Asks: 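Handing you this structure, nothing more for now.
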2 protein chains.
Amino acid sequence: MPVPEVEPGKTRPGGRTARVRAAVLDAAGDVLAEQGFAHLDLAEVARRADVGKTTVYRRWGTVANLVADLLLDMAEQSSPRTETGSLLGDLTANARLVRRTLTDPRQGALFKAVIAAATSDDRTAEALRRFYDTRIDEWAPCVRQAVDRGELPPGTDAREVIRAVSAPLYYRLLVGGGALDEAAADRAAEAAVAAARAGAYRGGGDG
Amino acid sequence: MPVPEVEPGKTRPGGRTARVRAAVLDAAGDVLAEQGFAHLDLAEVARRADVGKTTVYRRWGTVANLVADLLLDMAEQSSPRTETGSLLGDLTANARLVRRTLTDPRQGALFKAVIAAATSDDRTAEALRRFYDTRIDEWAPCVRQAVDRGELPPGTDAREVIRAVSAPLYYRLLVGGGALDEAAADRAAEAAVAAARAGAYRGGGDG
DNA sequence: TCCTAAACGATACTGGAGTTCCGTTAGTCT
DNA sequence: AGACTAACGGAACTCCAGTATCGTTTAGGA
């Protein structure tokens, strides 16, 4: 792959360039959701996006790059966090949001595909890590508030608690083990709260 | 793909056939561990296994099939569970075993690859699910013993507790969020015990 | 030990993913 | 408005993963 001095789309990001990017990312999402990461080929994405095959190969080049860009695009659309006043309420809201996302036909398949891509490409893995860092940062404050209220022991690692809510849901999505229903989401939140109360997440990073 | 009436390797499983299977699975594991699921091609596996390319395509046909067979092979080698007498001790032992497996260069990469393959192929997903069912069944008894001892509330879903130990470790392996060190393993076990004590895993399936 | 055919493997072939070339379209700047 | 060139896109090409063919080896049974 001949590396261009400046990658396309940077010096003239407006108009057509932006339209092409949007169309390609949209089509890529569709294909990933329908067929999974393994059967994704850029030619088909180009066809669906009504865009020249050459363009897709020039701007993204590999499946991994395309997926990484898709992830970047997804990270920009943030869904606001709800505040219920109690830790269990907040984490349950988070767990249900995650569950709803993962069980949505398009989004769920997309996440599976993105995670699969990240297992064999370092740049995609990095993009994925950043995506979740952003998401987790949005929710961490509710844990810190709980610490301030005295619901949780001081020194509790807020981000670790948020991850603890998601972990069992992703586990079900990727390796199985029961339905990904609302009861599972509620249980994930409940378990995270119980573990945090018991001090299992003390001592980590930020408090 | 012309489906044969009887798939190769079933009517004459001895001698050469078995040697070929072992060599191919071994080579496949190496390639998966080194390059990941995305860049796996059967021709290279054949080359490494010192086996005809035709043979690999005839017996396995697709990457997903090969990975599923590899998984079947892995499921047969069971590592015995240790008994420490306390729930936290048992689950910590389990968490550390899982962590050691996932951080081992070959095994860890292999698990990543297998999970990635399962995201886009139903048969691989089914094989993966069975693999974990077996593993989890091996460890579930220690939770039931804890229930009998009165350490956990009656009605606790044993398999769900075991999954709760693994979930955060797999989450770290696949989507990131901190090092996969022994402290993380110990924390996973501690959190699972705390959540189980609080009754977060009551009401599920077997008790 | 000998026979049958299951399974292997070397070789040649094919289709399509990814690349290159070059002409066309249209964003951006003055 | 006009010039400049970034970015797009059609078409032809390359290369190799996956397939087909057919002869060779060897497992399993008599």
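Everything quoted here is computed from the prediction, not taken from an experiment. Lettering follows sequence order; numbering is per chain, from 1.
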Asks: Could you list, one pair per line, each protein nitrogen or oxygen that sits under 3.5 Å from a nitrogen or oxygen of nucleotides 11-17 of chain C, together with the distance?
Replies:
from, atom 1, to, atom 2, distance (Å)
dA17(C), O5', Asp41(A), OD2, 3.4

Asks: Show each protein N/O and nucleotides 22-25 of chain C N/O combination with a separation under 3.5 Å, one pair to a line.
Replies:
from, atom 1, to, atom 2, distance (Å)
dT25(C), O2, Arg16(A), NH2, 3.0

Asks: Hey, can you pull the residues of residues 28-39 of chain B with a non-hydrogen atom under 4.0 angstrom from DNA chain C?
Replies: none

Asks: Please check the phosphate of dA7(D) (OP1 and OP2 only) for any side-chain N or O of Thr17(A) closer than 4.0 Å.
Replies: no

Asks: Applying side chain to side chain donor-acceptor pair (under 3.5 Å), name anything that partners Tyr57(A), two or more places apart in sequence or on another chain.
Replies: none

Asks: Output a table of donor-acceptor pairs, distance under 3.5 Å, between side-chain atoms of residues 105-116 of chain B and any protein atom two or more places apart or on a different chain; print 'none' if there are none.
Replies:
from, atom 1, to, atom 2, distance (Å)
Arg106(B), NE, Asp30(B), OD1, 2.9
Arg106(B), NH2, Asp26(B), O, 3.2
Arg106(B), NH2, Asp30(B), OD1, 3.0

Asks: Not counting sequence neighbours, which residues clear side chain to side chain contact (heavy atoms under 4.5 Å, CB included) with Ala183(B)? List them please.
Replies: Asp181(B), Arg187(B)

Asks: Tell me whether the rings of Tyr171(A) and Tyr170(B) are parallel (<30°), tilted (30 to 60°) or perpendicular (>60°).
Replies: perpendicular

Asks: Please list, chain by chain and in numerical order, all residues satisfying side chain to side chain contact (heavy atoms under 4.5 Å, CB included) with Arg96(A), sequence neighbours excluded.
Replies: Thr92(A), Arg100(A), Glu182(A), Ala185(A), Asp186(A)

Asks: Checking Asp90(A) side chain against Thr84(A) main chain: does a donor-acceptor pair fall under 3.5 Å?
Replies: yes

Asks: Would you say Thr55(B)'s side chain and Val51(B)'s backbone share a donor-acceptor pair under 3.5 angstrom?
Replies: no

Asks: When you measure from the side chain of Arg99(A) to the backbone N and O of Leu180(A), does any donor-acceptor pair fall under 3.5 Å?
Replies: yes

Asks: Calculate the interatomic distance between Arg19(B) atom CZ and dC8(C) atom P; express it in whole Å.
Replies: 11 Å

Asks: About how many Å separate CZ of Arg59(B) and CG of Asn65(B), when rounded to the nearest 0.5 Å?
Replies: 12.0 Å

Asks: Side chain to side chain donor-acceptor pair (under 3.5 Å) with Asn94(A): which residues, sequence neighbours excluded?
Replies: none

Asks: If the helix axis at each end comes from five base pairs, how far does the helix from dT1(C)-dA30(D) to dT30(C)-dA1(D) deviate from straight, to 10°?
Replies: 50°

Asks: Who pairs with Arg163(A) by side chain to side chain donor-acceptor pair (under 3.5 Å), at least two apart in sequence or on another chain?
Replies: Glu160(A)

Asks: Rounded to whole Å, please give me the gap between CG in Asp50(A) and P in dC8(D).
Replies: 15 Å

Asks: According to side chain to side chain contact (heavy atoms under 4.5 Å, CB included), who are the partners of Ala125(B), at least two apart in sequence or on a separate chain?
Replies: Ala118(B)

Asks: Listed by chain and number, what are the side chain to side chain donor-acceptor pair (under 3.5 Å) partners of Arg81(B), not counting sequence neighbours?
Replies: none

